[in-house]
Number of protein chains: 2
Amino acid sequence: MPKRVDHAERRTEIARALVRAAGRQGLHAVGMRDVAAEAGVSLRLVQYYFESKEKLLLFGLRHLADRFGERVAARVRAAGDDPGPRAVIEALLMAALPVDEESRLFHHLYTSYAVLSVTDEALAAQPFIKDPDAAETTLAGLLRQAADTGLLRAGTDIHAEAVGLLAMSAGLGTSVLVGQRDADSAKAVLRYHLDRIFRG
Amino acid sequence: MPKRVDHAERRTEIARALVRAAGRQGLHAVGMRDVAAEAGVSLRLVQYYFESKEKLLLFGLRHLADRFGERVAARVRAAGDDPGPRAVIEALLMAALPVDEESRLFHHLYTSYAVLSVTDEALAAQPFIKDPDAAETTLAGLLRQAADTGLLRAGTDIHAEAVGLLAMSAGLGTSVLVGQRDADSAKAVLRYHLDRIFRG
DNA sequence: ACGAAAATGGTACGGCTGTATCATAAAAAA
DNA sequence: TTTTTTATGATACAGCCGTACCATTTTCGT
């Protein structure tokens, strides 16, 4: 039949253009025409691959979440061959901080989506925003593993620590993003709290 | 000369309409006409009191920050006649959580402004977003006071704890806002971490 | 009273938005 | 080669946006 173009790949390409444009102008200010121009295609093509803007936004969010997942996994892998729980946890939490351009972009857009989800029920229904965070389960699992190996201080509430650390990491990330704090200071705070949990 | 209307009060009134409309539709979706309708005045009047939309947004942010400051102060006052540092700190941190409609609104819009400030330098220059948080100084002061009275565990890094607690409170607030977590669970996590810092 | 300044209303303009329509180029299947 | 489906392009439309302009009412200083 037609020119045989890989739809999935093309959609991803357009989603990447959306992310780039949104990083420059802010998600609220990016229109279909901006995405088309950024991707170097015609407006009609963007409409063809995503019937509506809402579909494009939803796909963009999924794309972003996927890329973030890969990023975290890569960081964890890079933490060493057989890293202890502490190193894995540190890699996990640090990966969420906006230290370089890519993570800044991610944090910026993910927060944009979160804000939109407050008033947009289609976005709010997306699992990345709605579900009890998968990161929480992962982190709690790592902490339990550390506790079972006797690495943690006695009396540590694993669930409360997991939730608290994730919230802290997210909050620190936001303050770094808006320029209230620099990345190194945020890292130092996170490390202090890990030192506090793991017995010296 | 003219009808002698209190400008400051009228501007505040319009800013409150902005906040209400933004809470309903999202800050990104609210226009001058929405603000005018919400305030029950003509579009021209909104333009008259704020020459441009940007000025309106800036004033709205200041208004929001002021209201939040008052809210926190009220909560702290309500904490008791001569409350200990622990009670004051708890009131401080809890006040930031989106537990009722007013605090949800505040958290929602403040986050919206934070996102906008990433790509809007006029917003980024606003002290509420740019400055080293005043809350951090306050909280650190309270913690120091507690430490001097021997209420804290030994080896507590006051600065790291202050920064961490604030970031955690903000992060928890966001996850409550987007429906990832309920307010009670967020409160419980915060209390756990206060218990951890204050010696039992 | 009168004029001037302040406050308010009505409305129009240019530009941008997302979407729909019409047309056509490309390529695989027959 | 013809047909048929997919992919792409150009353009138009209705609606909303922030802003500007023109007019008018209101009220205070003189």
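Remember, it's a predicted structure, so these values are computed and weren't measured experimentally. Within every chain, numbering begins at 1; the chains are lettered A, B, ... in the order of the sequence lines, protein sequences first and strands thereafter.
For C:dA7, the OP1/OP2 oxygens have a side-chain nitrogen or oxygen of B:His7 closer than 4.0 Å. The side chain of A:Tyr48 places an N or O atom within less than 4.0 Å of a non-bridging phosphate oxygen (OP1 or OP2) of D:dA7. For A:Arg33, no side-chain nitrogen or oxygen approaches OP1 or OP2 of D:dA10 to under 4.0 Å.
The distance from the OH atom of B:Tyr49 to the CD atom of B:Glu13 is 9.0 Å, given to the nearest 0.5 Å.
The terminal axes of the helix from C:dA4-D:dT27 to C:dA29-D:dT2, fitted over 5 pairs per end, subtend an angle of 10° to the nearest 10°.
With rounding to whole Å, A:Leu45 atom CG is found 16 Å from D:dT11 atom C1'. As rounded to whole Å, 13 Å separates atom C1' of C:dC16 from atom CD of A:Gln25. Atom CD in A:Glu51 sits about 15 Å away from atom C1' in D:dA7, given to the nearest Å. The interatomic distance linking B:Lys53 (NZ) with D:dC16 (C1') rounds to 11 Å, in whole Å.
Among the protein residues, B:Phe50 comes within range of no part of the nucleic acid, since none of its heavy atoms lies under 4.0 Å from any strand.
Applying the salt bridge (Lys or Arg N to Asp or Glu O under 4.0 Å) test to pairs two or more places apart or on separate chains, those with a residue in residues 143-157 of chain B are B:Arg144-B:Asp148.
For the side-chain contact (heavy atoms from CB on, under 4.5 Å) test, residues two or more places apart in sequence or in another chain that qualify with B:Phe106 are B:Leu64, B:Phe68, B:Tyr110.
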Would you mind writing out the side-chain donor-acceptor pairs for residues 85-97 of chain A within the sub-3.5 Å range, not counting sequence neighbours?
unit_1  : atom_1 : unit_2   : atom_2 : d
A:Arg86 : NE     : A:Glu90  : OE1    : 3.3
A:Arg86 : NH1    : A:Asp195 : OD1    : 2.7
A:Arg86 : NH2    : A:Glu90  : OE1    : 3.1
A:Arg86 : NH2    : A:Asp195 : OD1    : 3.3
A:Glu90 : OE2    : A:Arg191 : NE     : 2.9

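With DNA chain C read from its 5' end, the first of the two nearest nucleotides for A:Gly31 and B:Ser42 is the one closest to B:Ser42. Residue A:Tyr49 is the one, among A:Tyr49 and B:Ala29, whose nearest nucleotide of DNA chain D lies closer to the 5' end (criterion: closest heavy atom).
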Report all interatomic pairs (protein N or O, nucleotide N or O of nucleotides 23-25 of chain D) with separations under 3.5 Å.
none

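Of the candidate nucleotides C:dT11, D:dT8, D:dC17, C:dT11 has the atom nearest to the side chain of B:Leu43.
B:Val118 forms part of a hydrophobic cluster together with A:Leu177, judged by ILVMFWY side-chain heavy-atom separations under 4.5 Å.
Residue A:Arg16 places its CZ atom among 12 or fewer non-hydrogen atoms of other residues, nucleotides or ligands, all under 6.0 Å distant.
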